[in-house]
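Contents: one structure, followed by commentary.
Below, chains carry the letters A, B, ... as their sequence lines are ordered, and counting in each starts from 1. Below, each value reflects all heavy atoms present in this structure, side chains not excepted, and no hydrogens, waters or symmetry copies. These numbers come from a predicted model, not from an experiment.
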Number of protein chains: 2
Amino acid sequence: MKIDPQNPADLSAQIAQAIRDAIVSGALIVDERLPSETELSDLFRVSRPTVREALKRLAAQSLIRTQRGAAGGAFVNRLNFEDAYSQQITTSTLLLSMNAVSFDTACEARYALERACAALSADRRTPDHLATMRTEIFRQSQPGLTDEAFCTSDVAFHRALVDGAGNPVLSYQLAGAVEAMQPLMNMITFTARSREAIIAMHSKIADALEARDADVVDAALADLETYTRQLAQDVAEQRRKPA
Amino acid sequence: MKIDPQNPADLSAQIAQAIRDAIVSGALIVDERLPSETELSDLFRVSRPTVREALKRLAAQSLIRTQRGAAGGAFVNRLNFEDAYSQQITTSTLLLSMNAVSFDTACEARYALERACAALSADRRTPDHLATMRTEIFRQSQPGLTDEAFCTSDVAFHRALVDGAGNPVLSYQLAGAVEAMQPLMNMITFTARSREAIIAMHSKIADALEARDADVVDAALADLETYTRQLAQDVAEQRRKPA
DNA sequence: CAGATTTTATTTGTCTGACATTTAAAAGTC
DNA sequence: GACTTTTAAATGTCAGACAAATAAAATCTG
């Protein structure tokens with residue numbers, strides 16, 4: 001099951017891959033205990049530090065968890081949404097910040113995804129979701145609000161919209177896109193005059209969701225996308241020639 | 001910049017987090033060299049194995065790469081799509097296989113996402129994308145095709161559709177969903193009589209994309225979703241009572 | 001005998017020190 | 001000046017040890 005070729009390159013990576021394969025293929029099931037580090041080092045004919053490096057690689061991906069003590073060891077972890085979320089956010093943030101992805105591309109993907117949720121959300125949103133959206137809209141209209149707080153509220157609003165679809169996979173995928181775009185979004189809100197326009201669109205979305213009118217939600221989101229991308233472009237322009 | 005609280009729990013995890021924060025925040029930029037392992041162990045007041053475990057955690061997330069030799073060391077890695085892809089696929093597969101997500105939920109998310117791509121793809125698809133889709137449809141209609149090959153072709157078809165949107169973020173997110181659903185999709189194709197119906201829908205989609213008719217693509221995808229979910233339900237039913 | 005306490009064994013977490021291997025730069029040679 | 005050799009620095013790996021946590025077994029006590 002877990003053999004290892006004798007090419008002497010990156011032993012810990014090879015071992016990690018072997019165990020990872022065993023988990024993904026189902027040979028190791030959730031909550032199953034892996035052999036102890038000593039046993040693994042015997043099995044793979046390597047030292048314990050090498051085994052430990054392999055296990056830490058897997059732990060970094062939330063594939064295993066470890067426990068100390070007599071009945072301790074490494075156990076196959078049941079991957080949960082929270083872990084998947086944070087990984088997704090880290091990855092998305094880096095993809096964007098390292099310029100592997102342009103803001104425009106990310107923005108397009110984000111709104112395409114959000115619009116995909118709109119129809120489902122119009123169908124399934126609960127009063128709770130609506131209440132959250134109304135609360136956030138009210139918060140956004142407060143005069144003394146900092147840009148950062150406005151942005152946080154903006155994210156919460158869209159989050160409620162997406163969560164209204166009742167599909168955790170969609171929520172999870174959107175979380176990555178939104179969180180990654182957060183820094184630039186923050187910069188956008190500095191152009192303060194934009195707030196009332198955004199609030200108006202948010203209100204339109206909330207009203208349409210309350211009326212379960214998917215088409216209007218979609219149209220409002222399309223407007224918001226156009227607006228956001230225009231603002232981002234303006235900000236980018238200003239940053240290019242700050243003088 | 002990189003300090004470490006003295007609570008003696010999971011030192012390597014703490015160090016990994018400190019370095020990860022530095023990368024995400026931009027304090028460490030792409031291709032920048034980290035201090036050597038010895039220097040890091042001095043900095044954090046821990047041993048070299050502990051530092052190494054921390055670095056391996058980061059390497060598992062493709063945040064750093066290491067190089068041996070005199071001018072070697074650990075460097076901040078420019079995250080690319082391939083790495084992000086494989087991580088996304090691993091995560092999605094596990095979320096589904098460990099029952100954190102139902103097939104129905106994944107399927108809904110997958111088609112919502114794919115339908116979100118439809119409009120963009122109708123607008124931007126190149127002749128190349130169309131050719132790929134036609135080729136795959138032809139392959140699917142070959143009588144001797146194994147279920148596995150049919151499924152692979154099916155994935156390639158949808159991949160071409162999504163790639164037609166020209167947005168790598170969308171391609172990347174959909175890849176996870178599709179790959180994760182692959183095993184069950186394979187099982188679905190065992191109900192052989194379904195092939196011609198699927199091929200008919202594929203043809204309809206390809207025709208509509210050629211005509212740049214987003215609405216028809218959307219409708220065909222909606223049909224395909226309904227069909228897929230029905231088949232999945234049947235398969236699940238059969239597995240419950242195999243006798 | 002039942003329950004609480006202590007002991008013990010197992011396992012991960014960490015440290016020290018060493019050697020092997022790779023690699024680029026410095027030193028030496030023609 | 002171009003080529004070769006040496007050297008130093010860095011990661012990769014190993015061995016052995018101790019610390020700390022923890023559950024099970026053994027012991028003690030009423």
Between A:Asp31 and A:Phe75, does the side-chain contact (heavy atoms from CB on, under 4.5 Å) criterion hold? Intermediate values first, please. CA-CA 5 Å; A:Asp31 292 335; A:Phe75 298 84; 5.6 Å; no
Residue pair A:Ala71/A:Ser12 against DNA chain D: nearer the 5' end by closest nucleotide is A:Ser12
[X] side chain to [Y] main-chain N or O, any donor-acceptor pair under 3.5 Å?
| X | Y | value |
| --- | --- | --- |
| A:Ser153 | A:Glu136 | yes |
| B:Asn77 | B:Leu79 | no |
| A:His158 | A:Val155 | no |
| A:Asp10 | A:Ala13 | no |

Candidates [options] - which lies nearest the side chain of [X]:
| X | options | answer |
| --- | --- | --- |
| B:Glu37 | D:dA8, D:dC14, D:dT11 | D:dT11 |
| A:Gln67 | D:dA15, D:dA23, C:dG13 | D:dA23 |
| A:Arg33 | D:dT13, C:dT11, D:dG12 | C:dT11 |
| A:Val46 | D:dC14, D:dT22, D:dT13 | D:dC14 |
| B:Ala70 | D:dC14, C:dT23, C:dT11 | C:dT23 |

Could you tell me whether the side chain of B:Arg48 has a donor or acceptor atom within less than 3.5 Å of a complementary atom in the base of C:dG17? no
When you measure only distances, ignoring hydrogens and angles, does the side chain of A:Arg68 come within 3.5 Å of the base of C:dT11 through a donor and an acceptor? no
Check whether any side-chain N or O of B:Thr50 sits under 4.0 Å from OP1 or OP2 of C:dC15, and answer yes or no. yes
May I ask you to evaluate whether B:Arg52 reaches the phosphate of D:dG12, defined as a side-chain N or O under 4.0 Å from OP1 or OP2? yes
Protein-nucleotide distance ([X], atom [atom1]; [N], atom [atom2]), rounded to Å:
| X | N | atom1 | atom2 | answer |
| --- | --- | --- | --- | --- |
| B:Asp10 | D:dA20 | CG | C1' | 13 Å |
| A:Leu11 | C:dA20 | CG | P | 16 Å |
| B:Phe75 | C:dA24 | CZ | P | 10 Å |
| B:Glu53 | C:dC15 | CD | C1' | 11 Å |
| B:Ile15 | C:dC15 | CD1 | C1' | 13 Å |
| A:Leu58 | C:dT12 | CG | P | 14 Å |

Under 4.0 Å between a side-chain nitrogen and a carboxylate oxygen: does that hold for B:Glu225 and B:Arg110? no
Please round to 10 degrees the angle between the axis of the first five pairs and the axis of the last five pairs in the helix from C:dC1-D:dG30 to C:dC30-D:dG1. 20°
Would you tell me whether A:Arg48 and A:Thr38 have side-chain atoms, one donor and one acceptor, within less than 3.5 Å of each other? no
Please work out if B:Arg65 contacts a base, only the sugar-phosphate, or nothing of the nucleic acid, heavy-atom cut-off 4.0 Å. nothing
